[in-house]
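Here is the structure we will look at.
Counting starts at 1 for both ligands and their atoms, in listed order. All residue numbers in this chain count up from 1 along the given sequence.
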Amino acid sequence: MPVESLGSRSWRCALLAAGVLLAGAAGAARAAQPALLVGTAWYPEQWPQSRWAKDLELMQAAHLDVVRVGEFAWSTMEPREGVYDFTWLDRAIAQAARHHIYVVIGTPTAAPPAWLTSKYPDTLRVDEDGRRDEHGNRQQFSFSSPRYRELARQIASRLAARYGHNPDVIGWQIDNELGPPSFDAETRRQFHAWLQRKYGTIANLNRRWTTAYWSETYDRFDEIPMHSKDENPGLLLEFMRFVSDTWASYAANQVSAIRAHADPRQFITTNTLGWGSQFDQQVMHRQLDMAAWDEYVPDGHFAWLEQAVQHDLVRGYKNADFWVMETQPAFVNWWPVNSALPPYAMRELAWQAVGHGANAVLYWQWRSALNGQEQYHGTLLGPDGTPVPAYGVVRGIAADMARAAAALAGTSPRSEVAMLQSYDSRWAIDLQRHQADFRVVKEFGAFYAPLERYAQSVDVISPDAPLGRYRLVVAPALNVLSAAQARHLADYVRAGGHLVLGPRSGMKDADDALWPQRQPGPLASLLGGRVEEYYALDSSVPLAGVLGSGQAAVWAEALSAHDPDTQVLMRYGKSNGWLDGKAAVITRKVGKGSITYIGAWLDPALMQNVLDDFLRAAHVTPLIPGVSESVEVCQRVGAGRRVWILINHGDDAHTIRLPSPAMPVLAGDADATTASVTLAPHSVHVLETPLK
Ligand code: GLA
């Protein structure tokens, strides 16, 4: 198909206009919801209703399509127990609709009202030191409290009954940034019941946790302590899994209340924290329709790879597109120095999110409450109700996104490379770092950066996810490897896949107990080699081999190869005596596939060399070859189109030759297909081309 016949903007506009028409609350006909939305967190309850029209006018003028409301408004929705007032929310939603602004409702359960806390102090959270929380902040509830859950269910039900069929309400956010567990007596009772369900008998638990160690042997489940540190590793890992299940059931309580009333077209999500590890997002997201996260760059220094990996992580919760539910208008208020993102970085940040699969970007927040804990946070309006400088930047971003929405409709990122991220492994390492600098997120990033730079698209998925469509799968530190996961990975390799394991992989079983085979545990026989010993490093160690040479730091493992087919690719040079001359990287071909073990945390240049080699061997090709390291290439594919989002994060201009001619989508670009693009410093280009 000639490019011209695809890319006509007027064709797309006509299609949009002819799309599904929704009747707005005000009775006005509305165009179909755009595929890409820009919005803001709006708190109408903090302002007189006479002000709302002005707010909405300013939002519309900034091309905003969506507001998230309600997530802290419980005391306004239910000022006294059982006395509800939603009339203000009815009006806010109807008024927003008149300005063509959709609404996402947050259930208000992260901020219970004072009457609730006073009447039901048993709903309050208790911290690990036994201190019961008080009113005055937020998240002061206990996630396991049956009474709190009942109250939360009631308010969620009321909201869903009222707005579950409202055409202007497009989705629901459960609570807000779920996270801190409670250590109260009820939670402990539930922990014991959870353990009993899982282990059946106390003898089974004693065996799997090796409780003979330090006379930890238990006679009854209710003797088991509940802590997040300084305990048996088996207990600590199970506590985190219990916390994950408890947060998931906390959310499920509201999800089911909403589903009972809501139209299936309304999504249910919750806003998460990127790298946060307070619970397992894979467990949480089984029941949600869509993933969403709150993206902040608290120091204002945008490092594109550090943000990119988190988008990919969040996309992996559902293996689908997601939303950025919150991001900062220039700066936050919760960092030691809340330095502002430059205007160009706000634009790069927003488009990067879209490039990695976000279908909405919402700014937190519209306008600061005149009082309240977050007076210094970045906003779009000032306290006088008129725009601050970030408003203009967001307006520009939103205008461009409105223009690009039709091109991006029905498209998503697609990757040939996957990285495995396991909460079990992350917790297990964090609980026993052995080398204080072994930060799992940093080590993950050390593998991610070269993969993303080369392949320009990486999925970050669970070790249990289907792997068949990936040419290369990399697990940077898969410390906890269950027998089932090992079988899953071995099947992938035997079917022709290429698997690369990083240091500390395959050390523990699902109970956080050491695998007796040594690392990588049940994969050692497939690898035809193993880890002889691990070493925490306080200085770097040289290594060299067919993949180049360089340094290892923080962690190094001495490997051995037992199988005649297992090849040593790199060896350590002279170092601590234990590592001298020992294998550092080994690999074994298995049919058309392969399994490789990298035993050390490599320096960035060597890591790039090594991973480039595996990428090439696995026949992974860059989306657009030969681009500078400061240029980010994102691609979304679908609906017969390929859309490139090219972001120059650097200070120099770059010209990029496209693999096929494409039509620029954003304003200011030529309205004709082009075979190459010149990216000015810190510029963004969006281009579409037919999928061949
Ligand atoms: C979080 C919360 C918001 C707000 C912002 C400030 O993301 O969800 O309510 O406090 O932080 O950055």
Task: Sequence neighbours excluded - salt bridge (charged side-chain N to carboxylate O under 4.0 Å, His left out) pairs with any residue from residues 36-56 - done: Arg51-Asp55, Lys54-Glu57
Task: Charged tip of Arg68 within 45° of Trp42 ring normal and under 6.0 Å - done: no
Task: Counterpart residues, salt bridge (charged side-chain N to carboxylate O under 4.0 Å, His left out), relative to Asp294 (two or more places apart) - done: none
Task: Check: Thr187/Asp184 side-chain N/O donor and acceptor closer than 3.5 Å - done: yes
Task: Member of Trp427, Phe279, Phe183 meeting the ring pair (Phe, Tyr, Trp, His ring centres under 6.0 Å) criterion with Phe239 - done: Phe183
Task: Pairing residues for Thr379 by the side chain to side chain contact (heavy atoms under 4.5 Å, CB included) criterion, not counting sequence neighbours - done: Gln365, Ser368, Val388
- [ ] Collect the protein residues that have a non-hydrogen atom under 4.0 Å from ligand 1 and hand them over in chain and number order.
- [x] Phe72, Arg138, Asn176, Glu177, Asn271, Asp294, Tyr296, Glu326, Trp334, Trp364, Glu374, His377
